[in-house]
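In what follows, a structure is listed as structure tokens, so that the remarks can point back to it.
Keep in mind that this is a model prediction, so the values were computed, not measured.
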Amino acid sequence: KTNLIYFFDAQEFEDIIIHYLGFGEKQLAKKALKMGLEQHPSSHGLMLLQSEILILDEKYDVALQVLEYVEKLNPYDEEIHLQKASIASKKGDHKSSINYLHQALRISEDPGEIWNLLGMEHLLAEEYEEASCFFKNCVNENPEDYPSLFNLMHCYEQLEKTEPAIEALNEILEHDPYCEVAWHQLGKVLIKTRRTKEALSALDFAIISDDTFTGAYIEKGKLLETLGRINEAIDNYKLALNTTEPSAFIYKCIGRCHENLGNFQLTKEFYLKSINLEPGNENSWESLLLFLVTQKDLKKVKYYLKKA
């Protein structure tokens with residue numbers, strides 16, 4: 001604001017730049033970087049932040065030139081390889097990105113973040129077997145790393161590996177018997193294997209572990225629907241509504257349940273609630289239109305079809 005320039009040491013400039021980047025203030029970060037490099041032209045930490053900003057600006061070739069120079073100054077900085085991996089990934093070259101990440105892994109003292117990045121690169125390359133190994137490492141190191149757990153479950157689903165998925169979830173539950181996320185995921189896996197009784201128990205445990213867990217109520221409602229226990233399904237959908245903001249998806253599910261029970265007035269009411277809440281939800285429109293076709297109310301079908 002004063003246009004006065006004070007002296008900071010290089011680390012302080014790095015902290016200022018990281019602060020601005022964290023708040024999305026890229027222009028201020030660039031201003032701080034310019035001042036920092038004027039005062040400390042040989043600081044490799046500032047140069048790494050310079051290449052990071054160049055990557056954000058999609059100036060990949062210039063960023064690589066900076067990284068090559070920094071590597072000559074300090075070849076054992078894992079951040080260099082991580083940034084090179086980021087550039088390769090953004091260019092769609094997942095093979096090169098994976099090679100750079102392995103270079104970073106060899107010199108890193110904290111491999112957790114790199115395992116996650118390797119898992120993501122293999123996932124993007126649709127190499128699910130390799131991706132699952134790295135996500136498994138992440139989960140083994142930190143059982144509360146839920147993003148890695150979801151990615152691991154996705155890999156096992158693509159590979160159709162049900163038992164390893166169940167084993168991985170049971171390992172987490174041995175560590176923390178009240179892990180609602182693991183119980184919920186276990187319920188979903190068991191549903192796919194048609195072990196409905198065990199799946200219901202797992203979802204019940206998810207709800208016991210956290211009685212505000214919306215996803216568990218929804219999953220349990222869907223399972224109860226398939227078992228023909230429609231009234232219980234409605235109860236669970238209503239409990240889900242009590243734990244979250246109104247949801248077009250849940251209203252549609254309740255409407256579908258009432259349709260199966262023959263409560264046609266309530267069916268229409270909930271389908272319309274779903275549409276009013278989220279007018280762009282084509283599944284809700286489709287449910288309403290198909291319901292009105294079964295009611296032979298073709299005038300209303302035409303009216304709502306036009307609106308849809």
Judged by modelled atom types alone, do [X] and [Y] share a side-chain donor-acceptor pair under 3.5 Å?
X: Q265; Y: E269; answer: no
X: Y251; Y: E278; answer: no
X: T193; Y: T162; answer: no
X: S274; Y: S284; answer: yes

Partners of [X] by salt bridge (Lys or Arg N to Asp or Glu O under 4.0 Å), sequence neighbours excluded?
X: D110; result: none
X: K90; result: none
X: K222; result: E219

Check the orientation of F270 and H258. Use parallel for under 30°, tilted for 30 to 60°, and perpendicular for over 60°.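 Ring orientation, 0 to 90° scale: parallel.
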Do the ring planes of W183 and F205 sit parallel (below 30°), tilted (30 to 60°) or perpendicular (above 60°)?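 Aromatic pair W183/F205 classed parallel.
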For F150, check ring-ring contact (aromatic ring centres under 6.0 Å, His included) against everything at least two apart and list the hits.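 Scan of F150 (ring-ring contact (aromatic ring centres under 6.0 Å, His included), adjacent residues dropped) gives none.
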Can you list the residues that meet the side-chain hydrogen bond (donor to acceptor under 3.5 Å, both in side chains) rule with Y156, with sequence neighbours excluded?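 Testing Y156 for side-chain hydrogen bond (donor to acceptor under 3.5 Å, both in side chains), a comparison that skips the adjacent residues, returns none.
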Quiz: residues 163-175 side-chain donor-acceptor pairs under 3.5 angstrom, not counting sequence neighbours:
| from | atom 1 | to | atom 2 | distance (Å) |
| --- | --- | --- | --- | --- |
| E163 | OE2 | R195 | NH1 | 3.3 |
| N170 | ND2 | I166 | O | 3.3 |
| E171 | OE1 | K136 | NZ | 2.9 |

